[in-house]
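Step one of this worksheet: look at the structure below.
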There are 2 protein chains.
Amino acid sequence: MLTIGQLAAYAGVTVRAVRHYHQIGLLPEPERDASGYRKYGAPAVVSLIKIRTLAEAGVPLGRIARMLDADGTAFAEAVERIDAHLRAEIDRLENSRKQVAQLAAGDSLVLPPPVVAYLDRLREIGASERMLAGERDGWILIAARWPGKVAEWIPDKFAQLEDPRIVRLYQVLSALMETKGLDDPLVLEAVDLLVELAEEAEAAGFDSGVAEGDDMFFALLDNLADESDDRAWRLRELMRERGWDGWTRMRRVTGQA
Amino acid sequence: MLTIGQLAAYAGVTVRAVRHYHQIGLLPEPERDASGYRKYGAPAVVSLIKIRTLAEAGVPLGRIARMLDADGTAFAEAVERIDAHLRAEIDRLENSRKQVAQLAAGDSLVLPPPVVAYLDRLREIGASERMLAGERDGWILIAARWPGKVAEWIPDKFAQLEDPRIVRLYQVLSALMETKGLDDPLVLEAVDLLVELAEEAEAAGFDSGVAEGDDMFFALLDNLADESDDRAWRLRELMRERGWDGWTRMRRVTGQA
DNA sequence: ATCAAGGGTTGACGCTGCGTCAGGGTCAAG
DNA sequence: CTTGACCCTGACGCAGCGTCAACCCTTGAT
């Protein structure tokens with residue numbers, strides 16, 4: 001005859017767990033001795049080991065209860081479902097491993113490889129780390145919004161970097177983010193470049209290729225840009241004076257009062 | 001500007017989860033609009049996606065909080081630990097899969113393969129399913145008590161089955177468990193066989209090979225036998241009249257008053 | 001015979017990560 | 001002006017035990 005502690009030790013579970021199983025009716029309450037101690041026989045050990053095996057596999061206790069008094073066929077079916085669930089869980093964790101590893105790599109995270117390559121290219125042309133962080137965050141949003149489209153747009157972004165003015169723009173903006181001042185002549189250069197490029201794009205008929213209803217999403221991206229640096233607002237103001245607004249999708253504004 | 005619902009949708013989590021993250025300080029509370037609605041910017045989406053990625057990997061929210069405002073090195077270390085944990089978890093689940101699969105196979109469970117082979121042999125010589133179930137439970141206990149020793153003992157058990165009297169004993173006991181009566185002549189045959197074999201073993205000097213202090217464990221195994229069938233007690237009584245007691249480790253008794 | 005250590009007993013609260021009411025207020029559309 | 005779809009706070013519920021608390025029982029040493 002076993003005490004609860006011995007039973008628990010044999011089965012490799014805690015005393016508390018055994019009592020819990022009693023409480024929820026998963027393991028039947030055994031007889032008590034004169035002083036109220038529970039006393040167990042061997043079958044309890046066997047049951048407990050079965051329960052532990054299933055519980056460690058992640059089977060909810062409620063389902064274990066139903067399994068233990070099911071017939072052979074039903075039991076086999078249940079086992080099949082459990083195995084399927086285990087496989088799914090394993091896959092999920094393997095996936096998490098990749099995701100988290102990318103998190104450590106800094107870039108990527110939920111970013112598709114082409115975007116990572118693009119970010120690497122930006123780093124090569126001299127974009128600062130803060131700049132890259134901002135770009136990365138933006139692409140995370142974009143990838144979340146249009147998971148499939150990203151691969152289509154990245155080539156265009158690469159193509160843009162062929163234009164030395166765009167390279168210069170990234171460099172200027174990067175430099176701005178690393179300095180503290182506001183009245184830097186770099187600000188003016190940045191605005192000049194932005195306006196010039198915007199007007200050129202307008203002349204070419206921008207064709208963003210994106211649905212109209214997504215104004216809110218672009219506002220979100222612009223907001224991201226604004227919050228990445230305090231001086232973003234100042235830059236934007238200067239651009240508005242020159243008739244343009246927006247970061248990710250620029251548009252004409254009528255010079256306001 | 002996003003509402004909490006939009007934010008949650010972008011990041012692929014529930015509204016409730018976002019509010020929970022606010023409550024525990026994992027995600028900072030944003031500004032409110034005039035009517036008290038929370039309004040989020042883009043950085044919140046990025047944070048949320050990071051949080052979700054880590055949370056899905058099984059990282060406790062408290063640790064995520066500490067990770068997000070850790071520096072690069074500490075973050076990388078944390079990621080390393082998380083990955084180690086993920087690998088361990090995957091291994092554990094793979095293991096569970098095997099265990100559960102054996103559960104389905106009926107035999108085994110936590111039983112090493114040699115025992116399964118032995119049980120199969122028993123089935124071949126005509127042991128009933130109830131008998132096998134009892135044997136299996138016994139071996140589960142033994143495997144739990146002496147995990148390493150089992151492989152040593154199984155060959156002896158196979159060897160015993162070379163003796164036709166032992167085969168006969170299993171068959172008789174199996175037959176008894178399938179009938180309902182008690183006064184069956186099979187009972188007498190079983191007792192005869194048991195006593196004969198016990199005396200022979202005694203003459204050979206049994207050498208159980210097991211420590212002395214394990215009386216309690218054998219009592220447990222005997223108890224398992226007793227509870228496997230109501231007539232076990234009757235059999236045991238008859239044996240005691242012939243000077244023997246116990247199932248798994250028989251010993252002389254002085255014929256009691 | 002006594003006493004402390006180390007079992008056992010019930011009962012209850014704590015923890016994680018939210019789901020899910022309840023009981024409101026708001027916003028956009030018809 | 002209603003309707004439906006959001007938003008708000010506050011609170012309880014869930015699994016699967018861990019961890020007190022406050023008490024009783026058993027056992028071996030003294």
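Residue numbers start from 1 in every chain, and the chains themselves are labelled A, B, ... in the order their sequence lines are given, proteins ahead of strands.
Nucleic acid contact class of R63(B) (heavy atoms, under 4.0 Å, all strands): none. Using a 4.0 Å heavy-atom cutoff across all strands shown, I24(B) reaches no nucleic acid atom at all.
Atom CG of L2(B) and atom P of dC7(D) are 11 Å apart (whole Å). Taking atom CZ on R32(B) and atom C1' on dC6(D), their separation rounds to 15 Å, with Å as the unit. Atom pair L48(B):CG and dG17(C):C1' shows a separation of 15 Å (rounding to whole Å applied). Rounded to a whole Å, the CD atom of E29(B) is 11 Å from the C1' atom of dC8(D). The nearest whole Å value for the distance from the CG atom in D33(A) to the C1' atom in dC24(D) is 12 Å. In this structure, H20(A) places its NE2 atom 14 Å from C1' of dC15(C), rounding to the nearest Å. The interatomic distance linking H22(B) (NE2) with dC18(C) (P) rounds to 14 Å, in whole Å. Rounded to an integer number of Å, the gap from Q6(B) CD to dA28(C) C1' is 13 Å.
Along DNA chain D, the nucleotide nearest Y40(B) and the nucleotide nearest G58(A) are compared for position; the residue whose nucleotide lies closer to the 5' end is Y40(B). Nearest-nucleotide positions on DNA chain C place R19(A) closer to the 5' end than the other of R19(A) and Q23(B). Between A34(B) and A55(B), the residue anchored closer to the 5' end of DNA chain C is A55(B), taking for each the nucleotide with the nearest heavy atom.
Using a cut-off of 4.0 Å between Lys/Arg side-chain N and Asp/Glu carboxylate O, R87(B) and D91(B) are scored as not salt-bridged. Salt bridge status for R97(B) with E94(B): absent, with no side-chain N to carboxylate O gap under 4.0 Å.
Between Y21(B) and dC18(C), a side-chain N or O to OP1/OP2 separation shorter than 4.0 Å is present. Put simply, S35(A) has a side-chain N or O that comes within less than 4.0 Å of OP1 or OP2 on dT26(D).
A distance-only check finds no donor-acceptor pair linking the side chain of R63(B) to the backbone of A78(B) [under 3.5 Å].
Using cut-offs of 30° and 60° for the angle between ring planes, the Y40(A) and H22(A) rings count as parallel.
Residue T3(B) places its side chain closer to dC7(D) than to any other of dC7(D), dT20(C), dC17(D). For Y37(A), the listed nucleotide lying nearest its side chain is dG7(C); candidates were dC17(D), dG7(C), dG16(D). Residue R16(A) places its side chain closer to dT19(D) than to any other of dT26(C), dT9(D), dT19(D).
Rounding to the nearest 0.5 Å places CE of M67(B) at 10.5 Å from NZ of K50(B).
Under 3.5 Å, the side chain of R38(A) and the base of dT9(C) form no donor-acceptor pair of N or O atoms.
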